[in-house]
Amino acid sequence: MTVFSTQLINIINSIPKGRVSSYGRIAEIAGNPRAARQVSRLLHSSSEKYGLPWHRVIGSSGNISLKGAAADLQRQLLESEGIEFDINGKVDMDRYGI
DNA sequence: GCCATGGCTAGTA
DNA sequence: GCCATGGCTAGTA
């Protein structure tokens with residue numbers, strides 16, 4: 001495990017219930033604004049291992065990036081935490097984003 | 001080589 | 001819709 005990855009894990013774990021953040025924003029906070037894809041990769045490979053609140057990480061424009069059934073699950077988890085989706089299935093980042 | 005991105009632009013309406 | 005971007009890992013040698 002790398003320092004950078006550890007940073008990402010800490011940041012993701014600090015997203016409170018009822019809030020969301022984006023891949024790019026998390027990478028930015030960790031110190032590398034261009035490492036957004038690394039965040040997605042980490043979530044994909046290590047969410048279970050580190051108990052990450054993976055569902056609280058979405059795209060920068062408030063969209064869910066997952067496809068299919070996984071996307072439905074993510075939306076349900078977020079809604080159960082009080083987050084609302086607009087008619088286009090997007091979250092208002094100004095309201096819920098970190 | 002993978003990845004659950006992001007931002008910018010061409011091209012349509 | 002294109003493509004630059006980057007840390008990491010599986011898998012080979």
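So you know, we letter chains A, B, ... as the sequences are listed, proteins then strands, and number each from 1.
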Could you note down all residue pairs passing salt bridge (charged side-chain N to carboxylate O under 4.0 Å, His left out) where residues 3-29 of chain A supplies at least one of them, sequence neighbours left out?
->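 Non-adjacent pairs meeting salt bridge (charged side-chain N to carboxylate O under 4.0 Å, His left out): A:R25-A:E28.
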Between A:Q76 and A:H55, is any side-chain donor less than 3.5 angstrom from a side-chain acceptor?
->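 Short answer, no.
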What pairs of residues pass the side-chain hydrogen bond (donor to acceptor under 3.5 Å, both in side chains) test when at least one of them lies in residues 41-50 of chain A, not counting sequence neighbours?
-> none
Would you mind listing every side-chain hydrogen bond (donor to acceptor under 3.5 Å, both in side chains) that reaches into residues 1-15 of chain A, with sequence neighbours excluded?
-> none
For side-chain contact (heavy atoms from CB on, under 4.5 Å), just list the numbers for A:L78 and A:F85, CA-CA rounded to whole Å, side-chain angles, deciding distance to a tenth of an Å, and then say yes or no.
-> CA-CA 9 Å; A:L78 290 175; A:F85 287 77; 3.8 Å; yes
Indicate, with a heavy-atom threshold strictly under 4.0 Å, whether A:S45 touches base, sugar-phosphate, or nothing.
-> nothing
Contiguous pairing runs of three or more, Watson-Crick or G-U under 3.5 Å, that involve DNA chain C |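 For DNA chain C the paired stretches long enough to count as stems (3 pairs minimum) are B:1-3 with C:6-8, B:5-8 with C:1-4.
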Student check: side-chain heavy atoms of A:L52 and A:I9 closer than 4.5 Å | yes
Does the A:N88 side chain pair with the main chain of A:K90, one donor and one acceptor, at a distance under 3.5 Å?
-> no
Expected string for nucleotides 4-13 of chain B under the B/S/- scheme (protein heavy atoms, under 4.0 Å, primed atoms plus P, OP1, OP2 as sugar-phosphate) is BBSS------
Please report, to 0.1 Å, the donor-acceptor pairs under 3.5 Å made by any side chain of residues 60-72 of chain A, with sequence neighbours excluded.
residue : atom : partner : partner atom : Å
A:S61   : OG   : A:N63   : OD1          : 2.9

